[in-house]
Amino acid sequence: MTPQQLRYIVEISKHNSISQAASALFVTQPSISKAVRELETELEITILDRTNKGVVFTKEGTELLFHAKKLLEQMDFVVDHFNKAKKINLTKFSISSQHYGFAIEAVANFMDYFAEQKYELAIQEGKTTDVIDDVYAGRSMLGILSLTDLNKHFFKRYFTSKLLTFTPLATLKQHVFLRKEHPLAHLNSVNLDLLRDYPYLTYQQDDMLLHFAEETLNVDNIGKLVYLKDRGAMNNLLSNTDSYNLGTGCIVNNYMNSNIISIPLEEGNLIQVGLVKRNDVFWSEEVLVYIDFLKLALEKSLPKGR
């Protein structure tokens with residue numbers, strides 16, 4: 001039984017005539033007649049009764065016609081599904097990242113690169129554990145996060161247990177983000193004692209273990225502490241108040257408020273920025289293109305002296 005034979009059967013049912021079915025399908029009448037006979041022989045049934053008024057489906061033929069229509073519908077659906085995907089040429093993947101401007105700049109460059117194509121991207125920003133959970137659960141193909149000297153050994157064991165791989169992109173000195181008008185902005189470097197009286201902004205709420213992911217502070221000793229979840233709110237507060245934040249020191253033009261600067265933190269940790277993926281996931285060409293843009297955006301934003 002072949003799809004062609006089934007299509008012949010369905011077409012005959014539309015016309016109650018083999019000759020008209022042949023004409024509609026642009027094939028010869030003997031070709032259709034032969035296909036029907038071969039199908040009858042294979043299934044050991046009679047499909048059509050020939051009468052003076054044309055052909056009539058037998059009881060078994062009617063039952064076969066029902067299944068033939070269903071099978072052809074399913075086949076057409078499968079073909080349409082994959083042909084549509086090819087025609088649309090849809091680029092689709094998801095990324096999870098800590099709150100990094102260079103990750104968003106890379107998305108913008110990716111969008112320009114694929115401006116003539118259709119795409120569907122999901123960009124999720126969150127704390128370290130969110131990024132790891134998204135990659136592990138398959139919600140994201142790629143995770144972007146950082147490790148420090150304080151936590152890298154813990155996380156490397158954790159990644160191994162979850163069958164995840166961390167690939168470093170850059171190693172940076174810990175920096176302080178603050179505004180140009182901040183009382184400490186004129187210094188070449190700052191220490192934690194100098195920062196003690198200023199409001200500290202952090203993304204790390206409800207993730208206390210991960211205070212060690214980007215920071216060296218003991219939050220119990222901080223008198224002014226503000227938890228945030230939004231990078232826009234972080235940028236607005238940094239650029240308009242005497243608050244500060246600790247991190248990579250990367251300044252991303254056009255994706256951060258121009259009033260924000262970064263200064264090295266004395267005796268700060270080294271921060272290793274990198275990519276996380278599942279060991280059983282192979283990155284598509286589109287993901288690799290995004291990673292190239294990510295590396296370029298990161299390189300452009302690196303602080304002097306790193």
Side-chain angles (χ1 to χ4, degrees), residues 97-103 125-132 144-156 158 168-252 256-274 298 301-306:
S97 175
Q98 290 177 307
H99 300 80
Y100 294 140
F102 51 80
E125 287 190 326
K127 57 185 183 289
T128 312
T129 49
D130 293 332
V131 175
I132 295 171
I144 305 165
L145 51 76
S146 63
L147 307 180
T148 72
D149 290 339
L150 290 175
N151 68 10
K152 66 180 182 181
H153 297 297
F154 165 78
F155 274 114
K156 285 180 179 178
Y158 184 76
L169 295 180
T171 300
L172 317 170
K173 296 178 182 177
Q174 200 166 31
H175 278 63
V176 179
F177 289 105
L178 37 73
R179 65 173 176 161
K180 293 177 180 178
E181 299 84 7
H182 196 285
L184 304 178
H186 66 285
L187 299 176
N188 292 325
S189 64
V190 296
N191 57 46
L192 296 179
D193 287 337
L194 291 174
L195 294 168
R196 193 178 305 279
D197 294 330
Y198 298 102
Y200 171 52
L201 311 181
T202 178
Y203 292 114
Q204 299 296 325
Q205 188 178 21
D206 73 5
D207 193 19
M208 298 305 291
L209 171 65
L210 271 284
H211 274 293
F212 298 105
E214 297 179 356
E215 301 145 13
T216 58
L217 295 179
N218 181 348
V219 294
D220 294 331
N221 295 331
I222 299 175
K224 301 172 184 178
L225 178 61
V226 181
Y227 289 114
L228 301 170
K229 291 189 176 180
D230 180 76
R231 187 161 47 86
M234 175 71 77
N235 287 338
N236 288 336
L237 287 176
L238 283 176
S239 61
N240 290 287
T241 71
D242 285 338
S243 57
Y244 69 96
N245 170 249
L246 299 183
T248 63
C250 293
I251 299 294
V252 185
M256 289 179 65
N257 190 295
S258 59
N259 201 39
I260 298 174
I261 61 173
S262 65
I263 300 175
L265 177 67
E266 296 175 8
E267 299 181 356
N269 288 309
L270 289 177
I271 298 176
Q272 198 172 54
V273 178
L298 175 59
S301 68
L302 293 176
K304 293 180 179 180
R306 301 176 62 156

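Keep in mind that this is a model prediction, so the values were computed, not measured.
Closest heavy-atom contact between T128 and Q98: OG1-NE2, 2.5 Å. In terms of heavy-atom proximity, V252 sits nearest to S301 at CG2-CB, 3.8 Å. Residues S146 and I271 come closest through the heavy atom pair CB-CG2, 3.5 Å. In terms of heavy atoms, R179 sits closest to L238 at CB-O, 3.1 Å. Residues S243 and L237 come closest through the heavy atom pair OG-O, 3.4 Å. Considering all non-hydrogen atoms of both residues, I263 and V190 come closest at CG2-N, 4.1 Å.
When side chains are defined from C-beta on, E267 does not count as touching N191, because their heavy atoms never get closer than 4.5 Å. Taking the side chain as every heavy atom from C-beta outward, L195 and V176 approach each other to under 4.5 Å. When side chains are defined from C-beta on, L302 counts as touching C250, because their heavy atoms get closer than 4.5 Å. A 4.5 Å side-chain heavy-atom check between T202 and L246 finds every atom pair outside the cut-off. Taking the side chain as every heavy atom from C-beta outward, K173 and L270 approach each other to under 4.5 Å. When side chains are defined from C-beta on, L178 counts as touching I261, because their heavy atoms get closer than 4.5 Å.
The structure places CG of L201 at 12.0 Å from NZ of K224, a figure rounded to the nearest 0.5 Å. Interatomic distance, L265 CG to S189 OG, rounded to the nearest 0.5 Å: 8.5 Å. Atom CG of N151 sits about 9.5 Å away from atom NE2 of H153, to the nearest 0.5 Å. Within the model, atoms CG of N259 and OG of S239 stand 6.0 Å from one another, a figure rounded to the nearest 0.5 Å. In this structure, CG on N240 lies 7.0 Å from CG on N257, to the nearest 0.5 angstrom. Considering CD of Q174 and OG of S262, their distance stands at 12.0 Å, rounded to 0.5 Å.
Looking at residues two or more places apart in sequence or on another chain, you find a ring-ring contact (aromatic ring centres under 6.0 Å, His included) between F102 and Y100. Residues satisfying the salt bridge (charged side-chain N to carboxylate O under 4.0 Å, His left out) criterion with D197, sequence neighbours excluded, are absent altogether. The side chain to side chain donor-acceptor pair (under 3.5 Å) search around Q272 returns none, not counting sequence neighbours.
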Let's go through F155 and I132 carefully: what are the C-alpha distance in whole Å and the side-chain angles of both, what is the deciding distance for side-chain contact (heavy atoms from CB on, under 4.5 Å) to 0.1 Å, and is it a yes or a no? CA-CA 10 Å; F155 274 114; I132 295 171; 3.5 Å; yes
Would T148 and N269 satisfy side-chain hydrogen bond (donor to acceptor under 3.5 Å, both in side chains), going step by step from the backbone distance to the final call? CA-CA 6 Å; T148 72; N269 288 309; 4.7 Å; no
Does the pair Y198 and H182 meet the rule for a side-chain contact (heavy atoms from CB on, under 4.5 Å), with working shown? CA-CA 10 Å; Y198 298 102; H182 196 285; 3.7 Å; yes
For a side-chain contact (heavy atoms from CB on, under 4.5 Å) check, start with the C-alpha distance between L298 and T248, then their side-chain angles and the critical distance, and finish with the verdict. CA-CA 10 Å; L298 175 59; T248 63; over 6 Å; no
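Not one N or O on the side chain of H99 forms a donor-acceptor pair closer than 3.5 Å with the backbone of G232. Between the side chain of N245 and the main chain of F177, no donor-acceptor pair closer than 3.5 Å is present. A donor-acceptor distance shorter than 3.5 angstrom exists from the side chain of D130 to the backbone of K127, with no hydrogens or angles considered.
Under the 6.0 Å cut-off for aromatic ring centres, Y200 and Y244 qualify, their centroids lying closer than that.
Within 6.0 Å of atom CG in D193, more than 12 heavy atoms from other residues, nucleotides or ligands are found, so the atom counts as buried in its surroundings.
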